[in-house]
Amino acid sequence: VEDVSTTTLHPDRLLPADPATRSIARELYAGIATLPLVAVHGHVDSAVLFEDRPFGDPAELLVTSDHYVQRVLHSVGAPLERLHGDKNRDPRDAWREFCGHWDAFRASATRLWLEHELTELFGVELPLTAETADASYDAIATCLARDDFRPRALFGRFDLELLSTTDSPGSTYEAHAGLQAAGLRVVPTLRPDTLTDATRADWVSSLAGLGITSYSQLLDRLAQERQRSAEHGAVATDHGHATPHTEDLSDVEASALFDRITKGQAGPGDTERLAATLLTHMAVMALDDGLVMQLHTGVLRDHDRAATASYGSDIGGDFPVPVTFTVPLRPLLERCGNEAAFRLVVFTVDETVYSRELAPMASYYPALHLGAPWWFLDAPDAMARHFVATVESAGYAKLSGFVDDTRAYCSIPARHDVARRSISAHLARYVAEHRLSLDDATAVAADYAYHQPRAVYSI
Amino acid sequence: VEDVSTTTLHPDRLLPADPATRSIARELYAGIATLPLVAVHGHVDSAVLFEDRPFGDPAELLVTSDHYVQRVLHSVGAPLERLHGDKNRDPRDAWREFCGHWDAFRASATRLWLEHELTELFGVELPLTAETADASYDAIATCLARDDFRPRALFGRFDLELLSTTDSPGSTYEAHAGLQAAGLRVVPTLRPDTLTDATRADWVSSLAGLGITSYSQLLDRLAQERQRSAEHGAVATDHGHATPHTEDLSDVEASALFDRITKGQAGPGDTERLAATLLTHMAVMALDDGLVMQLHTGVLRDHDRAATASYGSDIGGDFPVPVTFTVPLRPLLERCGNEAAFRLVVFTVDETVYSRELAPMASYYPALHLGAPWWFLDAPDAMARHFVATVESAGYAKLSGFVDDTRAYCSIPARHDVARRSISAHLARYVAEHRLSLDDATAVAADYAYHQPRAVYSI
Amino acid sequence: VEDVSTTTLHPDRLLPADPATRSIARELYAGIATLPLVAVHGHVDSAVLFEDRPFGDPAELLVTSDHYVQRVLHSVGAPLERLHGDKNRDPRDAWREFCGHWDAFRASATRLWLEHELTELFGVELPLTAETADASYDAIATCLARDDFRPRALFGRFDLELLSTTDSPGSTYEAHAGLQAAGLRVVPTLRPDTLTDATRADWVSSLAGLGITSYSQLLDRLAQERQRSAEHGAVATDHGHATPHTEDLSDVEASALFDRITKGQAGPGDTERLAATLLTHMAVMALDDGLVMQLHTGVLRDHDRAATASYGSDIGGDFPVPVTFTVPLRPLLERCGNEAAFRLVVFTVDETVYSRELAPMASYYPALHLGAPWWFLDAPDAMARHFVATVESAGYAKLSGFVDDTRAYCSIPARHDVARRSISAHLARYVAEHRLSLDDATAVAADYAYHQPRAVYSI
């Protein structure tokens, strides 16, 4: 494989400026920089890997399919129609728009990832500019035409030990089976929100689509779906409810709710309570099948409804709302939080809960782990805040370790690299301030980057 | 002009301690330190500049008219009656009280501003002490008697390119016209809360005072007021509603609300919904007249009602409450957030919304910009938190740049200087950590200090 | 006294890494490191000191009686029954569990305290390991058998100037009287929640137990209890209501609420309103007796009800919930907040209120002071956040200074030491950044560590 990279990234990027602290950070980072990647959560399409066709074009790969990028371009005035991958448009249009707005990404996490991809993977010279847009486009297109830039080749080049996808009920997992047969550990993750989140507008129709007409049928179907994903290698489920509200209603009560809702007779709070009970049921089922429960909440999806109607959901228009966990998670945690067989990993886009709720609760309930900083918080300073807001009460043992979360396949190594630099920077300060020994920090760094996600997710 | 300054301020104040980072910060700061001041938001009385009379006395200028100072003095036991500018009292009383409590301001933003004014403007030696109170009083009083310390002279000395005032409906703008004729760009800002915030106790009487008896008359009057302020140079409106609640009711619905409220027949939520609809109307009108919409919310005014009754509203008794924007701003943003002709600058005194709501939304909606840290947050460490909580998702392009907000005219240069040092300190770390190039940081610093407010407010 | 210590703690621990800043921090810390300890709030049992028996065993002293430690051990899988001090178990069992999980405490505040106690007090070599568990147990047990490790001897060794306990209504204070007669200033703190927090499940039975049958009897009893604690040296009361909700109902209204609730006829909100009114009453009574009012709110107690039923309340299962003060504290502050005779110290485990609410309000109301970071926030980075989130608007004068809060007697010196290092680290940065003079910082450090708590609590 010819190396096209002409790296211009600074080897010390994201490491602290103080010379003594940087020197410690460098040592910590060096110890973890080349560990394999465990991508235990994500949204890459398994078919892309299974079919292993060359990626389409630079714009599709890096701009029009990445809502982080679209969002920012739209925010500085680029029209959504230029960014949304209209098949009738020249993809160079979107690429030029992107290059012309490179400055809009200054200091963003997205830019850190893109800089990594552009230099390390595609050997493109930075900064991108409107003037050199065609040249950078061509350079990437040339790479993408090569066999060693096809999805499966990159899987090896990225040193991916495991890649989890996100899968709807009813998925057949043929791509996963085929990839595993070919030696690539690509595993499914069941995301049963369409069946469990009774507050969704499409909940009743989702049930109907699967022929589910009673609460007991619903529970059976959920158990089957979990079982089937586990048979295809799944290590976890994923739950994107609007809130972390849980309840622990009896089957009789839940069944009555089910009937009222499906008959169009729901009263106030009925859908919320059924969704809350089904979340707890997911935890109870996890006691049996051992799948780790991942909870992603606190996001209002499709804020800009007109744009969603025109361009779909993945345009970057999902925004966090305030969230609290202490009271809402109590029923689930009282039921399953002390069970050794259960693991719950909670993600948040509301930082206020780190020190106030999640770290205190994770430092008590053995089942509860804190997910890595997620989405808008998956960035160096946000990670730094996450670390200091959690470890003083919960230690490092109750963090999930780094878990990336992306549909942008080529950004995975960059995301892990940023996280590895961030944990090294964090730990280096603690070593420099004599809060942790270098030995302890070295162990924590490797845990966070690699061993801890493997342990928490039982990989 | 004789320079009375005997500056004792350290030239590196507020810059990071790490030598390499400080050196970068120094360079960045040097590049922006002397840019002109754009004071696009504020509460200086235009009459003060128009009449150009000498400032009254040191206590009135720096203590009894500044609620930041009064608040802190009161908090350590100074009686409000000594601080409130009672005309029968010797102003030296208030000044001595202030000097005797100088320690109470340690590390506060107010002290940073005062130190700057006292040394750079008045040449007073620091620290202030009870023992030297009369001497410092005299030194300032001597300055204030000089022609080059009169308001217009200071306008030039401060290098103010533009100063915005805050103006009620019905203002005539004669002072603004006169000042502009004299070559000073002092422009009005319409603050129509008394007409738009139907939750105010004085809303009905405000309408009556202007002879407004129907919803359509109210809309007409608001359009006229906006128009008239724009004719006198306004670049923005300002809205201080209690919450950011917006709605987009039809004129028929809003008109019904108007009638119920003005007839004393308001039902629960009626005043809130009308205020919310009028905020959206302000955005819609901005599409026509191009005035930038500034939104300041989340403050409970006049917390201490007995003190307000005795001493008025500006005694420092206004305190923030929790706020959320994601849901409340949706109707306004769905209606106008994607319009190129519209700009909304949102300010907050609840930091939790930076990373959770405002940065994510500003990194999507082209119209939305994040106002500079405001009021209790207009301080170096608070600004540092603001930067890191926003730019990782929104970049710098969606910040308003520095916008000061004061009725303390002489504090304006100090406030800009603190902000310029703060952005330099912030950027220097990113350069030292190889997250930004020095070129990028240099451009961002100048944007934040000067170009960005001019661009966002179309100056 | 033979010194068993073989200190391995780094003398610069918790001080900033930058050499110039560290040098300032060292100087500041050196100036306060050996000031006496004022432990004005806490939960040590006065009987332990009065009886002055040797401490039981290492596990009881450091593990099974400390819910900070139990909580973390439980969170990594140690069964509560091993940790809860079952008298039939060998205490070495719990000690081995603890040593085997030493890594779980990495970077936690608890570990900082334990490292200090283990090395400085007991001369134990770190790190603890499962392999050396018996040796470390024996080393501590040997110490505990010595006379100079008995509670009163340690009182002197710790240089405790004052130790406050927490006491229920009905306490007789014999231990306090005896200790004071012996020259140890151990003073009570009345915590009347069982009488004032009408939302408690045990409120009605608590009143019945004391024979209180009317609202006026309740007020009389509260006044007597306050009076009696003050006669035994109390300087404060402590209030652990669920929320900071206050109201200022008339006695007639409150009396009606009292009657409804005690007769089992409470309507919605009745118990909350009575509790809220009684809080305000506590402030009003403080105007007379001068006891400082301490308010600890925002915690949901006994989250894990089954575990509480088995092992009691002190197992670490109390978690914070979101809190707001601006509106809820208004009635109390309007009534008493401007009174020179009154002091209210407010503690929070929700950091969001620092810059948003508590600092702004404390920088206005003379009676209001900000308590030190509490519970989950009593740690170096959390303290650093507290300082920067408060002093820019409130200065240092409105902080309570350091107030520890523990039932772990031997951790008191460690907690003060961590706080003294933390304030030194904080101030050193401000000196290095030329925001504070070294003189100012020196004064603030001593105030925070010692003089300020004495002043605020009128010791």
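What you are looking at is a predicted structure, and each value in this text was computed from that prediction instead of being measured. To find a chain, count down the sequence lines: A is the first, B the second, and so on, and within it residues start at 1. Note that these values count all heavy atoms, side chains included, but never hydrogens, waters or copies made by symmetry.
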Heavy-atom pairs under 4.5 Å with chain B: which of A:V323, A:D103, A:L73, A:I315 has the most?
A:I315
Where A:A17 and B:T21 come nearest, the two heavy atoms and their spacing
CB-OG1, 3.3 Å
For residues A:V76 and B:A397, report the shortest heavy-atom separation together with the two atoms involved.
CG1-CB, 4.0 Å
Are A:P19 and B:D18 close enough that some pair of their side-chain heavy atoms sits under 4.5 Å apart?
yes
Test ring-ring contact (aromatic ring centres under 6.0 Å, His included) on A:H303 and B:Y365 and set out the steps.
CA-CA 10 Å; A:H303 193 268; B:Y365 284 109; 5.6 Å; yes
Region of A:V321 that comes under 4.5 Å of a non-hydrogen atom in chain B:
both
Find the distance between CG (A:D318) and CE (B:M361) and round it off to the nearest 0.5 Å.
12.5 Å
Between B:Y364 and A:A307, what is the shortest heavy-atom contact and its length?
OH-CB, 3.4 Å
Could I get the full list of ring pair (Phe, Tyr, Trp, His ring centres under 6.0 Å) partners for B:F325, not counting sequence neighbours?
none
Taking A:V72, A:D304, A:D12 one by one, which has the highest count of heavy-atom pairs under 4.5 Å against chain B?
A:D304
Taking atom CD as the centre, does B:E339 end up with more than 12 heavy-atom neighbours from other residues, nucleotides or ligands that are less than 6.0 angstrom away?
yes
For residues A:P16 and B:E433, report the shortest heavy-atom separation together with the two atoms involved.
CA-OE2, 4.2 Å
Minimum-distance pair of heavy atoms, taken over all atoms of A:T352 and B:R356:
CG2-NH1, 4.1 Å
Going by residue number, which parts of residues 370-383 of chain A are within reach of chain B, meaning a heavy-atom gap below 4.5 Å?
A:F376, A:L377, A:A379, A:P380, A:D381, A:A382
For A:H101, give me all partners under side-chain hydrogen bond (donor to acceptor under 3.5 Å, both in side chains), at least two apart in sequence or on another chain.
A:E97
Most chain A-contacting option - heavy-atom pairs closer than 4.5 Å, from B:R330, B:R429, B:K398:
B:R330
Contact between A:R106 and B:R435 at the side-chain level, heavy atoms closer than 4.5 Å - yes or no?
no
Measure the spacing between NE2 of A:H10 and NE2 of B:H434 and express it to the nearest 0.5 Å.
3.5 Å
Is any side-chain heavy atom of B:S355 closer than 4.5 Å to a side-chain heavy atom of A:R385?
yes
Say whether A:S108 and B:E392, considering side chains only, have a donor N or O and an acceptor N or O under 3.5 Å apart.
no
Which atoms of A:L15 come close to chain B, meaning under 4.5 Å heavy atom to heavy atom: side chain ones, backbone ones, both, or neither?
backbone
Mark yes when over 12 heavy atoms from residues, nucleotides or ligands other than B:E253 sit less than 6.0 Å from its CD; otherwise mark no.
yes
Hey, which of B:A394, B:S393, B:A340 has the most heavy atom pairs under 4.5 Å with chain A?
B:S393
Using heavy-atom distances under 4.5 Å, tell me whether B:D447 contacts chain A through its side chain, its backbone, both, or neither.
side chain
Side chain from CB out, backbone as N, CA, C, O: work out which of these in B:A389 comes under 4.5 Å of a heavy atom of chain A, or both, or neither.
both
From the list B:D440, B:N338, B:V444, the residue making the most non-hydrogen contacts under 4.5 Å with chain A is B:D440
Of all the heavy-atom pairs spanning B:Y396 and A:A107, show the shortest one and how long it is.
CE1-CB, 3.4 Å
Among the listed options A:A104, A:P322, A:A109, the residue most often paired with chain B at heavy-atom distances under 4.5 Å:
A:P322
Treating B:T326 as the side-chain partner and A:P320 as the backbone partner, does any N or O pair qualify as donor plus acceptor under 3.5 Å?
yes
Those residues of residues 416-427 of chain A, ordered by number, that approach chain B below 4.5 Å (heavy atom to heavy atom):
none
